[in-house]
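Below is one structure, written out as structure tokens, with a few remarks after it.
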Amino acid sequence: MTVLLETNQLHKRFDALDVVKDVNIHIHRGDIYVLLGPNGAGKTTTLGLIIGLLHPTSGTVTFAGQPGDMAGFIGLPPIYPHLSARENLSLSFAIRRRPVDSARIDHLLETVGLSAARDRKAGAFSTGMRQRLGIARALLFEPQLVILDEPANGLDPDGIVEMRQMILDLNQRQGITWLISSHMLAEMEQIATRVSILMNGTQRIEATMDSLRQDENVFMLETSQPEQAQALLPPGVTLLEVNGPRVQIRLENGRDPAHVNRHLVENGVPVTEFRRVQDRLETTYFQICYGSRRRDV
Amino acid sequence: MIRAEMTKYFRTRLFWVLNGLGLALLTAYSLAMAGMARVGLMPVTAFEYLIAANNTYVMLLLPLLVLLFSAHVFASEYRWRTMMIPIVAGMRRATIVWNKVTLCGLTTLCFVGVYLVGSMGFAFTLFPAQDMRLEGHTLSIGEVIGRMVAAMGWTTLIIFLFGLLTMVLVAALRNTVLAAVGSFLAFIGLMMSSGAKYNPFAPLLRVTNAFVQVADLTTPDIGLLLLKGSGVWLVAFTVIIVVLLESFRRQDIVLE
């Protein structure tokens, strides 16, 4: 896959504060690239630099597409509050000096679930509706890259699932590349192909989800005797962390988890639960951001 | 592109409220003047009414309305977060500025147009329309109207400059009211400086006065005055545009 957008040592300083420090992002065509990080990590600033709202202090942003091939929004989606949803989208055609395609507008409003509200003034929209309108606007001209900042904000659970489905669908059917900043680790884990984690403006990791998933050998066992379990771990099993009755371990490739479980039980460790750790992105995230597997440890 | 700007702003409530307010105040002003005329006070003729209206309404209320709206057309893009729409679409910042400048010119024309139509209507319905004596010359009604339109056209150019100044202030202050008031105070300052001995902007103001006060507009002096006035306007326009373009080009657009 070719690189569609990349940043090279992207740096932004506001007054004396370095908000983004030498960030290198590589978004390949067809990626669903997710920018993760706690509040204040520099995600929105990074998106602002990519979109062109902000000027980098140093470093570069290189986009392989045409200028109009990028779409999206940062923070709360922009709207003209005195115009209807339809008029808001029509205006985007006028801004790009293109004839208004009413069928396309209606189709997109239907796609994002705003058909019934298409003639209502956008200023009266809820945050979720505004978010949907922002997504419709972003998709209007079939861009190569869509940038969304916390797109699930204000959406109800149904809306979040629909949004996820829509992102996946457009990615797979139309090949749209996505750059999404989000806090929703579990949600993003289901769609991301590549992630980057920012912390205090510094990029801690950029990796494909596949490479993160290679570590499928992390298991959690629960027992009333965690110390005994630690002592009796068989060869080829590494202790990662102990948190109360929960013990996290990593099995070497090829080790059978059932065998490890049986070994512990046969040696008198009362194992009440033994499962593969499902929230791998969350695990990686907390380990990278806070140096531990869970934030509350 | 300018069609998009017009759709955005000619459909805002503020545009119609300000124009309506302007017309309502002009109506009140004109009726008051007509009342004064009936009891024998000035103005007596349509031309005198138009001059009086120019000296009060056009010098105070009209610029305030225009400057408020000019501030709105720039500040609202930050408030609505819509500044990012053209930027993410790849539009150059200079193009965004020129679109706003064009819109500012159009809205200034709209406000002035409403005033012109309104004031002409009141002038010729509430006051007697008669030829005007000026320095021994008699001006026909058509000539009077032509001179008033020319004076207003020149005033429009001056107000437009301050509309642009308002945009510079919006880019710096991000506050509609502060920018409009700051620019309005600068406008008042310019008007009050008309009598100052060394005033580089004096030719600008003298052109307007010449249209309504000088009997013969075909003299070389008037030609020179027009040339000087145009030069001052051009220099002021260039300076303001360069500052606006440069400040917006360098700006980090942080949307709340």
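Residue numbers start from 1 in every chain, and the chains themselves are labelled A, B, ... in the order their sequence lines are given, proteins ahead of strands. What's counted below: heavy atoms across the whole structure, side chains too, no hydrogens, waters or symmetry copies.
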Given a strict heavy-atom distance threshold of 4.5 Å, which part of [X] is in contact with chain B: side chain, backbone, both, or neither?
X     : value
A:F14 : side chain
A:L54 : both
A:Q66 : neither

With distance as the sole criterion, is a donor-acceptor pair present between the side chains of [X] and [Y] under 3.5 Å?
X     : Y      : value
B:Y78 : B:N175 : no
A:H55 : B:D252 : no
B:Y9  : B:S76  : yes
A:S84 : A:D119 : no

(message) Under 4.0 Å between a side-chain nitrogen and a carboxylate oxygen: does that hold for B:E5 and B:K100?
(response)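 A salt bridge is present here (some side-chain N lies under 4.0 Å from a carboxylate O).
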
(message) Is B:R92 close to chain A through its backbone or its side chain, or both, or neither, when contacts mean heavy atoms under 4.5 Å?
(response) neither

(message) What part of B:R13 gets within 4.5 angstrom of chain A, counting heavy atoms only: side chain, backbone, both, or neither?
(response) neither

(request) Go through A:L53, A:I51, A:L49 and name the one with the most non-hydrogen pairs under 4.5 angstrom from chain B. (result) A:L53

(request) Determine the option with the most heavy-atom pairs under 4.5 angstrom with chain B, choosing from A:G68, A:G123, A:P81. (result) A:P81

(request) Would you indicate whether the side-chain heavy atoms of A:R118 and A:L114 approach each other to under 4.5 Å? (result)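 The answer is no, as the side chains (C-beta and beyond) never meet within the 4.5 Å cut-off.
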
